[in-house]
Amino acid sequence: MALDLVLQGALPADGGSPQPVDIGIAGGRIAEIRPGLAAQGLSDDTRVIDLAAGGGGCLVAPGFVETHIHLDKSCILDRCASRRGDLEEAIGEVAKAKAGFTAEDVHARASRTLEKCLLQGTTHMRTHLEVDPGIGLRGLDGVLPLVKEFAWALDLEICVFPQEGLLNNPGTDALMVEALKRGCRVVGAAPYTDSDPKGQIDRVFEMAREFDADIDMHLDFGATCDEVDITYVCDLTERYGYGGRVAVGHVTKMSVMPPEMFAGIARRLANAGVAVTVLPSTDLFLMGREQDHSRMRGVTAAHLLLHEGVNCSLSTNNVLNPFTPFGDCSLVRMANLYANICHVGARGDVEECFRMVTARSARLLRRDDYGLAVGMPADLVVLDAADMAGAVAELAPVLYSFKAGRMVLERSRPQLHRPA
């Protein structure tokens with residue numbers, strides 16, 4: 001088979017060869033992975049990229065997977081106040097800003113954020129998108145065209161959800177149903193903003209079953225472990241046979257659970273097949289503000305959930321808005337931030353931080369067409385690192401990314417100019 005591209009001197013992530021190999025790509029897919037491929041009579045049309053040039057080999061992994069981001073309300077800091085910096089203020093400020101959103105405005109800001117993600121090696125994404133009577137479907141009108149417009153660089157799916165409540169916010173239900181009819185593949189929730197949290201969860205499961213949609217909820221965002229909804233979500237997941245199709249994000253209440261309670265909930269999640277997304281930047285920024293000293297971190301220990309068999313991802317959540325007034329859309333940075341916050345030191349757990357922005361995130365999105373193996377789509381990222389743990393520890397920069405074998409990003413290694 002004629003190869004279109006060879007990545008020479010690659011260090012495969014996650015179970016690959018400890019020695020450099022060459023990765024051959026043809027027709028948008030990985031065709032061969034073996035040493036010495038670049039030296040064996042390639043066609044004149046085959047492009048060879050020497051990853052060992054200027055240093056050692058480079059880590060090659062499947063592209064980064066963003067499981068939880070809000071494109072529709074990114075980049076609005078100039079329209080919002082952030083004085084208290086708490087969740088209530090953030091919801092209120094964004095609600096006021098949303099009144100002025102147009103489809104064109106959402107499209108422009110979301111495009112800018114997507115480009116930041118591409119510059120960090122993201123190739124797959126689930127974005128959460130708000131609908132309510134105030135904004136209607138203008139957010140969807142702005143984001144939905146991006147699925148096709150950015151298909152050259154990443155796979156994008158939309159999770160529609162009611163940020164400001166569902167049962168207490170008449171008209172929201174019909175808007176969510178319309179969004180699902182128009183192509184949203186996932187339905188979400190934010191029960192803690194509703195007058196009837198369990199009623200909202202019930203209705204979301206009804207929608208999911210009606211449209212054969214996956215479920216991804218904002219859940220149990222709070223500073224105490226009182227009145228958690230996570231066990232109810234597990235109950236419904238098992239009742240309706242939805243294991244493997246349900247994810248919950250934030251669950252900051254788990255960060256303050258005693259060890260026995262934490263372990264029990266973890267086993268419940270694993271048995272039900274409910275995945276967890278931890279959002280380090282937002283949770284760290286919003287939690288603990290009511291405390292005047294010894295402030296809680298509010299970031300749930302995902303690596304400990306993994307030990308109990310729960311699938312987990314790490315993700316960005318908000319970018320440059322009152323929920324999180326920071327963000328460069330780097331999932332490597334998010335993995336590193338999480339590792340610092342949650343005292344991750346064991347090498348195996350640091351490697352899991354990398355998997356929680358790659359393979360584990362892809363599993364959460366139910367991507368069977370993902371991985372560094374012959375036959376898989378050549379959706380790849382190349383980092384200036386020797387291995388996964390090093391990439392997380394040193395915030396390794398992305399040097400290249402590819403979508404279906406086509407280069408999306410190229411970045412040169414920095415060079416020091418020493419005196420003569």
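Residues passing the salt bridge (Lys or Arg N to Asp or Glu O under 4.0 Å) test with Glu394: none are found, sequence neighbours excluded. Residues that satisfy the salt bridge (Lys or Arg N to Asp or Glu O under 4.0 Å) test with Arg268, not counting sequence neighbours, are Asp235, Glu238. Under the salt bridge (Lys or Arg N to Asp or Glu O under 4.0 Å) criterion, Arg209 pairs with no residue, sequence neighbours left out. Annotation: side chain to side chain donor-acceptor pair (under 3.5 Å) contacts of Tyr240 (sequence neighbours excluded): none. Applying the salt bridge (Lys or Arg N to Asp or Glu O under 4.0 Å) criterion to Lys253, with sequence neighbours excluded, gives no partner residue.
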Only pairs under 3.5 Å count here: list side-chain donor-acceptor contacts from residues 375-384, not counting sequence neighbours, and write none if there are none.
{"from": "Asp379", "atom 1": "OD1", "to": "Ala404", "atom 2": "N", "distance (Å)": "2.7"}
{"from": "Asp379", "atom 1": "OD2", "to": "Lys403", "atom 2": "NZ", "distance (Å)": "2.9"}
{"from": "Asp384", "atom 1": "OD1", "to": "Arg413", "atom 2": "NE", "distance (Å)": "3.1"}
{"from": "Asp384", "atom 1": "OD1", "to": "Arg413", "atom 2": "NH2", "distance (Å)": "3.1"}

Could you go through residues 137-146 and list every donor-acceptor pair under 3.5 Å that involves a side-chain atom there, pairing it with any protein atom two or more places apart or in another chain?
{"from": "Arg138", "atom 1": "NE", "to": "Phe101", "atom 2": "O", "distance (Å)": "2.7"}
{"from": "Arg138", "atom 1": "NH1", "to": "Ile135", "atom 2": "O", "distance (Å)": "3.2"}
{"from": "Arg138", "atom 1": "NH2", "to": "Lys98", "atom 2": "O", "distance (Å)": "3.3"}
{"from": "Arg138", "atom 1": "NH2", "to": "Gly134", "atom 2": "O", "distance (Å)": "3.3"}
{"from": "Asp141", "atom 1": "OD1", "to": "Arg182", "atom 2": "NH1", "distance (Å)": "3.0"}
{"from": "Asp141", "atom 1": "OD1", "to": "Arg182", "atom 2": "NH2", "distance (Å)": "2.7"}

Which donor-acceptor pairs under 3.5 Å do the side chains of residues 63-71 make with protein atoms, sequence neighbours left out?
{"from": "Glu66", "atom 1": "OE1", "to": "Thr316", "atom 2": "OG1", "distance (Å)": "2.8"}
{"from": "Glu66", "atom 1": "OE2", "to": "Ser315", "atom 2": "OG", "distance (Å)": "2.3"}
{"from": "Glu66", "atom 1": "OE2", "to": "Thr316", "atom 2": "N", "distance (Å)": "2.7"}
{"from": "Glu66", "atom 1": "OE2", "to": "Thr316", "atom 2": "OG1", "distance (Å)": "3.2"}
{"from": "Thr67", "atom 1": "OG1", "to": "Ser313", "atom 2": "OG", "distance (Å)": "2.9"}
{"from": "His68", "atom 1": "ND1", "to": "His128", "atom 2": "NE2", "distance (Å)": "3.4"}
{"from": "His68", "atom 1": "NE2", "to": "His70", "atom 2": "NE2", "distance (Å)": "3.4"}
{"from": "His68", "atom 1": "NE2", "to": "His218", "atom 2": "NE2", "distance (Å)": "3.2"}
{"from": "His68", "atom 1": "NE2", "to": "Asn317", "atom 2": "OD1", "distance (Å)": "3.1"}
{"from": "His70", "atom 1": "NE2", "to": "His218", "atom 2": "NE2", "distance (Å)": "3.3"}
{"from": "His70", "atom 1": "NE2", "to": "Asn317", "atom 2": "OD1", "distance (Å)": "3.1"}

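Screening residues 323-335 for salt bridge (charged side-chain N to carboxylate O under 4.0 Å, His left out) gives Asp328-Arg333 as the qualifying pairs, with residues at least two apart or on separate chains. The list of salt bridge (charged side-chain N to carboxylate O under 4.0 Å, His left out) pairs with a residue in residues 144-154, not counting sequence neighbours, is empty. Among residues at least two apart or in separate chains, ring-ring contact (aromatic ring centres under 6.0 Å, His included) pairs with a member in residues 357-413 are His124-Tyr370. Every pair tested for salt bridge (charged side-chain N to carboxylate O under 4.0 Å, His left out) that includes a residue from residues 291-301 fails, sequence neighbours excluded, so the list is empty.
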Start with the C-alpha distance between Asp214 and Arg185, add both sets of side-chain angles, then the distance that settles salt bridge (charged side-chain N to carboxylate O under 4.0 Å, His left out), and finish with yes or no. CA-CA 7 Å; Asp214 288 357; Arg185 297 171 50 190; over 6 Å; no
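Remark: side-chain polar atoms of Arg360 are not paired, donor with acceptor, to backbone N or O of Cys312 under 3.5 angstrom. Proximity of a side-chain donor or acceptor of Tyr338 to a complementary backbone N or O of Val344 within less than 3.5 Å is not detected.
Here the shortest heavy-atom pairing between Cys342 and Ala301 reads SG-CA, 4.2 Å. Nearest approach of Asp194 to Leu166, heavy atoms of both residues: OD2-N, 2.7 Å. Residues Gly188 and Met176 share a closest heavy-atom pair of O-CE, 3.8 Å. The heavy-atom pair separating Pro280 from Leu314 by the smallest distance is CG-CD2, 4.4 Å. Residues Ala26 and Asp4 come closest through the heavy atom pair CA-OD2, 3.3 Å. Taking each heavy atom of Cys234 and Leu269 in turn, the nearest pair found is SG-CD2, 3.8 Å.
Comment: Glu115 does not engage Arg112 in a salt bridge, judged by the lack of any side-chain N to carboxylate O separation of less than 4.0 angstrom. The pair Lys198-Asp202 fails the salt-bridge criterion, with no side-chain N (NZ, NE, NH1 or NH2) lying under 4.0 Å from an Asp/Glu carboxylate O.
Remark: Arg363 CZ is loosely packed, at most 12 non-hydrogen atoms of other residues, nucleotides or ligands lying under 6.0 Å away. More than 12 heavy atoms of other residues, nucleotides or ligands lie within 6.0 Å of CD in Glu290, so this atom counts as buried by the packing criterion.
Contact check for Val278 versus Met356: no side-chain heavy atoms found under the 4.5 Å cut-off. At a threshold of 4.5 Å between non-hydrogen side-chain atoms, the residues Pro162 and Asp132 do not count as touching.
Between the CZ atom of Phe354 and the CG atom of Asp387 there is a distance of 9.5 Å, given to the nearest 0.5 Å. For the atom pair Ile30 CD1 and Leu3 CG, the distance stands at 12.0 Å (nearest 0.5 Å). Rounded to the nearest 0.5 Å, atoms CD1 (Ile341) and CG (Asn336) are 9.5 Å apart. Summarising the geometry, atom CG belonging to Asn340 is positioned 9.5 Å from atom SG belonging to Cys353; distances are rounded to the nearest 0.5 Å. The NZ atom of Lys116 sits 13.5 Å away from atom OG of Ser111, with the distance rounded to the nearest 0.5 Å. To the nearest 0.5 Å, the span separating CD on Glu308 from CG on Asn271 amounts to 10.0 Å.
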